[in-house]
Protein chains: 2
Amino acid sequence: MPDIQESVCAVIHKDIVDEVKESIPREDETSRLASFFKVFGDETRLKILWAIDRHEMCVCDLAALLGMTKSAVSHQLRLLREENLVRTRRDGKVIFYQLSDSHVTQVFEKSVEHIEEK
Amino acid sequence: MPDIQESVCAVIHKDIVDEVKESIPREDETSRLASFFKVFGDETRLKILWAIDRHEMCVCDLAALLGMTKSAVSHQLRLLREENLVRTRRDGKVIFYQLSDSHVTQVFEKSVEHIEEK
DNA sequence: CTTTCGGTTGAACGGTTGTTCAAATGATAT
DNA sequence: ATATCATTTGAACAACCGTTCAACCGAAAG
């Protein structure tokens, strides 16, 4: 008989699965949460967030700080904007970026704690 | 004259760049932080973490819960293991997965706060 | 109005990532 | 010892991601 690998597999502990299924968040909530974290999962964006947490900065200065092109920085800033993590302020020709709220810093702190602990 | 786009661009506010450059974390720290967040930036892994936060679970049950193959789940669990987010316990033939510490939950909470606030 | 220039955008490219499929482990139960 | 079966693994493939390049946009300065 051929060894058929079932695609969804047999449940071993039905009681546990049922119990957990009750409390799992709705699809759109896990989806939004995943997009939120996805933004942090890149070194460039992490550095940008860290930098503008210290001081509001423009694209040119961020590019100089990180040793990247303005274009690359701008592409990343767009993602941060879409995720509502940053807000902007114009002064003459220059646009300054800053964090939109303090949750970002708090999420950072908890994560650093976890990593330090190892 | 041809319009040459310089690759690193002119600094506009040298004082700010220098100040921020002082406090930016070391390369390896941002790197570890990014890998940590990268793990959360996927809906499947997020659901797995959420599930085993409620109750320790085996691969088969997780696969059934999420409607995925055991293989797919196992691949993701490997990433969670590498990031020290989960630990295992064997009972007979079955291996139960559970969260390795409570920081994970705390990071979740802060993020949900940010998202709810919108 | 025209020029300047910081910032944005879109296409294109390598590289990475998540899932599937098939095969292999390896601890347990017989 | 052998068979069973939960779990792991590796290769392959499509989808996605980050950077570069070139062109464009638009507010402000002249």
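To find a chain, count down the sequence lines: A is the first, B the second, and so on, and within it residues start at 1.
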Minimum heavy-atom distance [X]-[Y], with the two atoms named:
X	Y	answer
A:Phe40	A:Leu46	O-CD1, 3.3 Å
B:Ser100	B:Asn84	OG-O, 2.6 Å
A:Phe36	A:Leu85	CE1-CD2, 3.7 Å
B:Lys93	B:Arg90	O-NH1, 3.6 Å

Under 3.5 Å donor-acceptor pair, A:Thr69 side-chain atoms to D:dC21 base atoms: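 Check fails, no donor-acceptor contact within cut-off.
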
No-H, no-angle donor-acceptor pair, B:Lys70 side chain to D:dT8 base, under 3.5 Å: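 Side chain to base: no pair present.
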
Using whole Å, report how far [atom1] of [X] lies from [atom2] of [N].
X	N	atom1	atom2	result
A:Met68	C:dG7	CE	P	15 Å
A:Lys93	C:dG6	NZ	P	7 Å
A:Ile12	C:dT28	CD1	C1'	13 Å
A:His13	D:dC5	NE2	P	15 Å
A:Asp91	D:dA28	CG	P	10 Å
A:Ile16	D:dA6	CD1	C1'	15 Å
A:Leu80	D:dG18	CG	C1'	13 Å
A:Leu62	D:dG18	CG	C1'	17 Å

Using a 3.5 Å distance criterion without hydrogens, assess whether the side chain of [X] forms a donor-acceptor pair with backbone atoms of [Y].
X	Y	answer
A:Arg45	A:Lys38	yes
A:Arg81	A:Thr88	no
B:Asp61	A:Ile12	yes
A:Arg54	B:Val20	no

Side-chain N,O (B:Tyr97) to OP1/OP2 (D:dT8) below 4.0 Å: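 Answer is yes, contact under 4.0 Å.
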
D:dG26 phosphate, OP1 or OP2, under 4.0 Å from A:Arg90 side-chain N/O: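 For D:dG26, neither OP1 nor OP2 has a side-chain N or O of A:Arg90 closer than 4.0 Å.
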
Side-chain H-bond candidate by donor/acceptor type, B:Thr30 with A:Glu43, under 3.5 Å: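 Yes, A:Glu43 and B:Thr30 have a side-chain donor paired with an acceptor closer than 3.5 Å.
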
Centroid separation B:His13 to A:Phe96 less than 6.0 Å: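 Aromatic pair counts; centres sit under 6.0 Å.
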
Single-linkage hydrophobic cluster, 4.5 Å side-chain cutoff, A:Leu49 and A:Leu79 together: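 No, A:Leu49 does not connect to A:Leu79 through the hydrophobic network.
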
Sub-4.0 Å heavy-atom contacts from residues 36-47 of chain A onto DNA chain D, ordered by number: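 A:Lys38, A:Asp42, A:Thr44, A:Arg45 - these, ordered by number, are the residues of the stretch whose heavy atoms sit under 4.0 Å from the strand.
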
DNA chain D contacts among residues 72-79 of chain B, heavy-atom distance under 4.0 Å: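 Of all residues in residues 72-79 of chain B, the ones placing a heavy atom under 4.0 Å from DNA chain D are B:Ser74, B:His75, B:Arg78.
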
Distance (rounded to the nearest 0.5 Å) between B:Ile24 CD1 and B:Glu19 CD: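 B:Ile24 atom CD1 to B:Glu19 atom CD measures 11.5 Å (nearest 0.5 Å).
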
Degree of bending in the helix from C:dC1-D:dG30 to C:dT30-D:dA1 once both end axes are built from five pairs, to 10°: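 Taking the rotation axis at each end, their angle is 30°.
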
Out of C:dA27, C:dG6, D:dT8, whichever nucleotide has its closest atom nearest the side chain of A:Val94: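 Nucleotide nearest to A:Val94's side chain: C:dG6.
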
